[in-house]
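A short worksheet on the structure shown next.
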Amino acid sequence: MASGKELCEGVEWRIRVVDGSSEVLVPPTGLARKVWLRTKGLISGLGMKVRMFLKQAWDMGANDPRKVIHCIKVGLALTIVSLVYFMRPLYDGVGGNAMWAIMTVVVVFEPTVGATLYKCLNRVCATCLAGFLAVGVHWIASQSGDRFEPFVVGASIFILASIATFSRFIPSVKSMFDYGAMIFILTFSIVAISGYRVDKLFDLAHQRISTIIIGTSLCILVIMLVCPIWSGQELHSLTVRNMDKLSDSLDGCVRLYFTNSNGEDDQKLQGYKCVLSSKASEESMANFARWEPSHGRFNFRHPWKQYLKIGASMRSCAYCIEALNSCINSENQAAESIKKHLSTSCLKVSSSSSSAIKELAESVKKMNKSPTIDLLVEEMNSALEELHNDLKSLSHLLNPSTTAENQISATGLVPFMEIIPVVTLASILIEISVRIEALVGSVEELVKESEMKDKIVAKEEKPEEP
């Protein structure tokens, strides 16, 4: 019997030959070594996940520095408000309720000025109203005697909480005061059932209101003075970007269908999806923008609601582009002869429509009526007439019966089913053009209302001559 040793990567292998056969033996690993290898693997995997997380966080901060700035502003606001504990006069004024100021900063501080103002003003107004009502209800309950006091307090909580909750279902109240209604219910319930005497309860309400005013005032100062991010400006920029994406998607989809070009940027082709998914963002930004003061070229009474109409018009066009995209990916494709017959007119319609949307984006960006938009709409309508004529001329190419291929080639006719896909695409293009005209009207209305508001504000700010 012969034996040999071979070392490979620190592991000793033993080869034993028995009856002309060889066998590889690996020495058993001890328990300590197994634990060490398992621990080493866990530490290595954890380190890899931490590195990946840090890389993603760095990329996110590099792509959008405003998120980093927002984090710094939150830390700054909390640091300043925490000084209330260290400044004896302020601490003596608000007592142990100074913690409410810190909680207020954490709750109401939002990335944009409009969102922060919305929460701050709602919280202050709701807290003040709930505090005064709770003090009044507690005084009435204390005058009714110990026997009826719980019933008066309970009935008041039931009635006011039910009314405030119901108001949150009203659309106009929900859009402007939903957060305030929730804070009203919370504050009134806490203060009403606190169980203090009237004078103690008044001190408690005064301290709560004072700390909340301190916290909200500090949030407003920080959010407006340190690199402010305006909801109105964000909504304006989002609308312009969506128009550009809509234009690129429309032109790219039609060009890809007729030219079979693979050079189109897929990100541009799918840009219409951003328009479809931006409704919630537009509504929230428009709501918060109404709370913001005048900033830049946007006055306090800027027509923010008109942006929602523009967004709705863009989404109606985006739904049609989604149908165009379905035509491109459909398994049932039109005959090449039919596509060639309609390609010129369809490309003209898509090009003119795309140019019109691009010009509308510039009009919104500069907030003035474009001098060339009427000309572009006329070009789009002219291209539509040409497309209508090409569609009418398809009748001589139509073969209503499903005949043999030799008959089709001999007569030059094509089956009816091979015409349907391209006719569907042409009808979608016609519908898009109609909806673009509605988009033109919405943009012109925005520009008109904006100019009108600017004149009104300028007239109000102009001092009266003696």
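The structure places OG of S442 at 9.5 Å from CG of L360, a figure rounded to the nearest 0.5 Å. The CG atom of N122 lies 8.5 Å from the CG atom of D178; values are rounded to the nearest 0.5 Å. We find the CD1-OG1 distance between I223 and T116 to be 4.0 Å, quoted to the nearest 0.5 Å. Here the straight-line distance linking atom CG of N389 with atom CG of L384 works out to 11.0 Å at 0.5 Å rounding. In this structure, E110 CD and L117 CG are separated by 11.5 Å, a value rounded to the nearest 0.5 Å. L235 CG to L308 CG: the interatomic distance, rounded to the nearest 0.5 Å, is 7.0 Å.
Relative orientation of the F298 and H295 rings is tilted, given thresholds of 30° and 60° on the angle between their planes.
Judged purely by atom type and a 3.5 angstrom limit, S343 uses its side chain to pair as donor or acceptor with the backbone of K340. For the pair H302 (side chain) and R297 (backbone), a donor-acceptor distance under 3.5 Å is absent. Here the side chain of S353 pairs a donor or acceptor atom with the backbone of V349 at under 3.5 angstrom. No donor-acceptor distance shorter than 3.5 angstrom exists from the side chain of Q306 to the backbone of V443, with no hydrogens or angles considered. Using a distance-only test at 3.5 Å, with no hydrogens or angles considered, no donor-acceptor pair links the side chain of S249 to the main chain of L246. Put simply, the side chain of S427 gets close to the backbone of T424: a donor and an acceptor are under 3.5 Å apart. Here the side chain of S363 pairs a donor or acceptor atom with the backbone of N368 at under 3.5 angstrom. Between the side chain of S247 and the backbone N or O of S354 there is at least one donor-acceptor pair closer than 3.5 Å. S167 places a side-chain N or O within 3.5 Å of a backbone atom of A164 that can act as its donor or acceptor partner. Using modelled atom types, one side-chain atom of T216 and one backbone atom of I213 make a donor-acceptor pair closer than 3.5 Å.
Residues Y272 and L324 fail the side-chain proximity criterion, which asks for heavy atoms closer than 4.5 Å. Between I183 and V108, every side-chain heavy-atom pair lies at or beyond the 4.5 Å cut-off. Proximity of I436 to I357: side-chain heavy atoms (C-beta onward) are separated by under 4.5 Å at one or more points. Residues Y307 and L238 fail the side-chain proximity criterion, which asks for heavy atoms closer than 4.5 Å. Looking at heavy atoms from C-beta onward, I170 lies out of side-chain contact with F177 at the 4.5 angstrom threshold. Inter-residue side-chain proximity for L446 and K309 is flagged as unmet; no heavy-atom pair is nearer than 4.5 Å. Under the 4.5 Å side-chain criterion, counting only non-hydrogen atoms from C-beta, F188 is not in contact with L129. Side-chain contact between T104 and T211: absent, with no pair of heavy atoms (C-beta onward) separated by less than 4.5 Å.
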Exercise. When you look at E431 and R435, which way does the salt bridge (Lys or Arg N to Asp or Glu O under 4.0 Å) test go after all the steps?
Worked result: CA-CA 6 Å; E431 181 63 25; R435 298 186 181 188; 2.9 Å; yes

For this session: Evaluate the criterion side chain to side chain contact (heavy atoms under 4.5 Å, CB included) for residue pair M380 and E437; output intermediate values, then yes/no.
Result: CA-CA 10 Å; M380 182 178 67; E437 291 188 3; 3.9 Å; yes

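Of all heavy-atom pairs between C219 and C120, the closest is CB-SG, 4.0 Å. Across all their heavy atoms, A426 and C346 have their closest contact at CB-SG, 4.3 Å. Closest approach of K245 to G271, counting heavy atoms only: CB-O, 3.8 Å. Taking every heavy atom of both residues into account, S345 and L342 meet most closely at OG-O, 3.2 Å. The two residues S350 and D251 make their nearest non-hydrogen contact at OG-OD1, 3.9 Å. Closest heavy-atom contact between I229 and P111: CB-O, 3.7 Å.
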In residues 281-293, what donor-acceptor pairs under 3.5 Å come from side-chain atoms, sequence neighbours left out?
residue	atom	partner	partner atom	Å
E282	OE1	R315	NH1	3.0
E282	OE2	S278	OG	3.2
S284	OG	A280	O	3.3
S284	OG	S281	O	3.0
N287	ND2	S175	O	2.5
E292	OE1	G232	N	3.2
E292	OE2	G114	N	2.8
E292	OE2	S231	N	2.5
E292	OE2	S231	OG	3.3

Quiz: residues 371-378 side-chain donor-acceptor pairs under 3.5 angstrom, not counting sequence neighbours:
residue	atom	partner	partner atom	Å
T372	OG1	E359	OE2	3.4
T372	OG1	S370	OG	3.3

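For NZ of K348, the number of neighbouring non-hydrogen atoms (other residues, nucleotides, ligands) closer than 6.0 Å is 12 at most.
For the ring-ring contact (aromatic ring centres under 6.0 Å, His included) condition, the pairs that include at least one residue of residues 54-81, sequence neighbours left out, are H70-F109. Residue pairs meeting the salt bridge (charged side-chain N to carboxylate O under 4.0 Å, His left out) criterion with at least one member in residues 229-243, sequence neighbours excluded: R66-E234. Residue pairs meeting the salt bridge (charged side-chain N to carboxylate O under 4.0 Å, His left out) criterion with at least one partner in residues 215-227, sequence neighbours excluded, do not occur; the list is empty. A salt bridge (charged side-chain N to carboxylate O under 4.0 Å, His left out) check over residues 43-57, counting only residues at least two apart or in different chains, returns the pairs K55-D59.
Remark: E444 does not engage K448 in a salt bridge, criterion side-chain N to carboxylate O under 4.0 Å.
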